Amino acid sequence: MKLTFLGTAAAEGVPAVFCNCPTCIRAKNRGGKDVRTRSQILVDDDTLFDFPMDTYLHMLAYKLDLSAVKRVLITHAHMDHCYPQEFCMRGEPFARYLKEERITVYCNATVAEMFLSDTAREIKPEVAQNIGLEILRPFDETVSGDMRIVALPASHTKGEQCLIYYIERNGKGALLMNDTGILDISVFERLKAMNAKIDVAALDCTYGAKKHGAGRHMGLFDVQDQVELMRKVGLLAQGAKIFATHFSHNTDLDYDGMCREAERIGITVAYDGCHITV
């Protein structure tokens, strides 16, 4: 299984859209790994984790054929994770010679409602008929082709059952945890009982080299605590790789500074374009 971090920022991006803080000015001037677009992960070449408004930019930057994507796993209804209007273009006359005729969007009920309402004015019936919406609830499990998908409860937006996902393919497992605060050990115990094994995990680190505690996001030391819970219940495979992602410019750290902090506790800092194969 190959994971590509197409984007690794929180909602505002780094540099943030309208910001002139030192972190954003430095990112504009230096470029490279200090620039972060909205969070999205490509799994192999056929699965997207989240669908932000930067998806078009990611297609250009990495020369992706998004017509080959068979499934999209969406965590919640914020625009930096769910931008459904783009799907109106998935067919004639906007797109021709698609490699995959049909695509399935896995999501919660709020996202499904948003998807239908936001595309209603412009999507053509012949395009809509090739887009499936599959609503998942926490701990629902489904199989899509050769991929096993388990939806898990995120701790994020009140009034919406936000999700994170465990996916498994060819005996390798990945836990994808964008936009969530700390999870209770019971979530990891339940996942373990479902015969999951984590070879790679990507965790929300919006607050950078800080400990956020209870809330809608995490910092580096919350990530460390979550990894310890995974290890405690026996979820981590030997040599499991742990990545921090989904960073805000308010961390006040550039890429190198974040790496120095994370290296001390054995966590890798993801960057836009980062690849990992397990």
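Computed from a predicted model, the values in this text were never measured in an experiment. Numbers here simply count residues along the sequence, with the first being 1.
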Check whether any side-chain N or O of [X] sits under 3.5 Å from a backbone N or O of [Y] as a donor-acceptor pair, and report yes or no.
X: Tyr166; Y: Lys197; answer: yes
X: Arg169; Y: Met147; answer: no
X: Asp140; Y: Arg137; answer: yes
X: Arg148; Y: Gly173; answer: no
X: Thr180; Y: Ser155; answer: yes
X: Thr4; Y: Leu6; answer: no
X: Tyr62; Y: Gly273; answer: yes
X: Gln40; Y: Asp50; answer: yes

* Verify side chain to side chain contact (heavy atoms under 4.5 Å, CB included) between Glu100 and Arg90, making sure each step is shown before the conclusion. => CA-CA 10 Å; Glu100 292 291 333; Arg90 197 184 181 277; 4.1 Å; yes
* **Verdict with reasoning, His156 to His217, per side chain to side chain contact (heavy atoms under 4.5 Å, CB included)** => CA-CA 7 Å; His156 193 52; His217 294 288; 3.5 Å; yes
Contacts of type side chain to side chain donor-acceptor pair (under 3.5 Å), residue [X], not counting sequence neighbours:
X: His246; result: His81, Asp179, Asp204, Thr206
X: Gln85; result: none
X: Asn178; result: none

For the aromatic rings, using the six-membered ring if either is Trp, is the centroid distance between [X] and [Y] under 6.0 Å?
X: Phe243; Y: Phe5; answer: yes
X: Phe115; Y: Phe87; answer: yes
X: Phe51; Y: Tyr83; answer: no

Same cluster or not: [X] versus [Y], using hydrophobic residues (I, L, V, M, F, W, Y) connected whenever any side-chain heavy atoms lie under 4.5 Å apart?
X: Val35; Y: Val14; value: no
X: Val69; Y: Leu98; value: no
X: Leu175; Y: Ile265; value: yes
X: Ile242; Y: Ile41; value: no

* To do: Write down the atom of Ala201, the atom of Leu203, and the distance for their closest heavy-atom approach.
  =>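 Closest heavy-atom pair between Ala201 and Leu203: CB-CD1, 3.6 Å.
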* In chain order, what residues pass the salt bridge (Lys or Arg N to Asp or Glu O under 4.0 Å) check against Asp184, with sequence neighbours excluded? ->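 With sequence neighbours excluded, Asp184 shows a salt bridge (Lys or Arg N to Asp or Glu O under 4.0 Å) to no residue whatsoever.
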Does the pair [X]/[Y] count as a salt bridge with the N-to-O cut at 4.0 Å?
X: Glu263; Y: Arg260; result: no
X: Asp44; Y: Lys2; result: no
X: Glu189; Y: Lys192; result: no
X: Arg26; Y: Asp34; result: no
X: Asp254; Y: Arg30; result: yes

* To do: Begin with the C-alpha distance, continue with both residues' side-chain angles, and end with the deciding distance and a verdict on side chain to side chain contact (heavy atoms under 4.5 Å, CB included) for Ile131 and Ile123.
  => CA-CA 11 Å; Ile131 302 172; Ile123 197 165; 3.9 Å; yes
* Asked: Who are the side-chain contact (heavy atoms from CB on, under 4.5 Å) partners of Thr37, not counting sequence neighbours?
  ->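 Partners of Thr37 by the side-chain contact (heavy atoms from CB on, under 4.5 Å) criterion, ordered by chain and then number, come out as Asp54, Leu57, His58, Asp272.
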* **All ring-ring contact (aromatic ring centres under 6.0 Å, His included) counterparts of Tyr106, not counting sequence neighbours** =>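 By the ring-ring contact (aromatic ring centres under 6.0 Å, His included) rule, Tyr106 matches no residue at all.
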* Under 6.0 Å from the CD atom of Glu113, do we count more than 12 heavy atoms belonging to anything else shown? ->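 No.
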* With a 4.5 Å heavy-atom cut-off, do Cys162 and Thr75 have their side chains touching? ->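 Cys162 does not reach Thr75 side chain to side chain.
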* Asked: Just one of Ile149, Ile103, Ile167 clears the side-chain contact (heavy atoms from CB on, under 4.5 Å) bar with Arg71, so which one?
  ->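 Only one option passes, and that is Ile149.
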* How long is the span from the CG atom in Leu136 to the CD atom in Glu141, to the nearest 0.5 Å? ->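 Those atoms lie 10.5 Å apart.
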* **Residue pair Thr110, Met114: steps toward the side chain to side chain contact (heavy atoms under 4.5 Å, CB included) verdict** => CA-CA 6 Å; Thr110 305; Met114 174 184 175; 5.6 Å; no
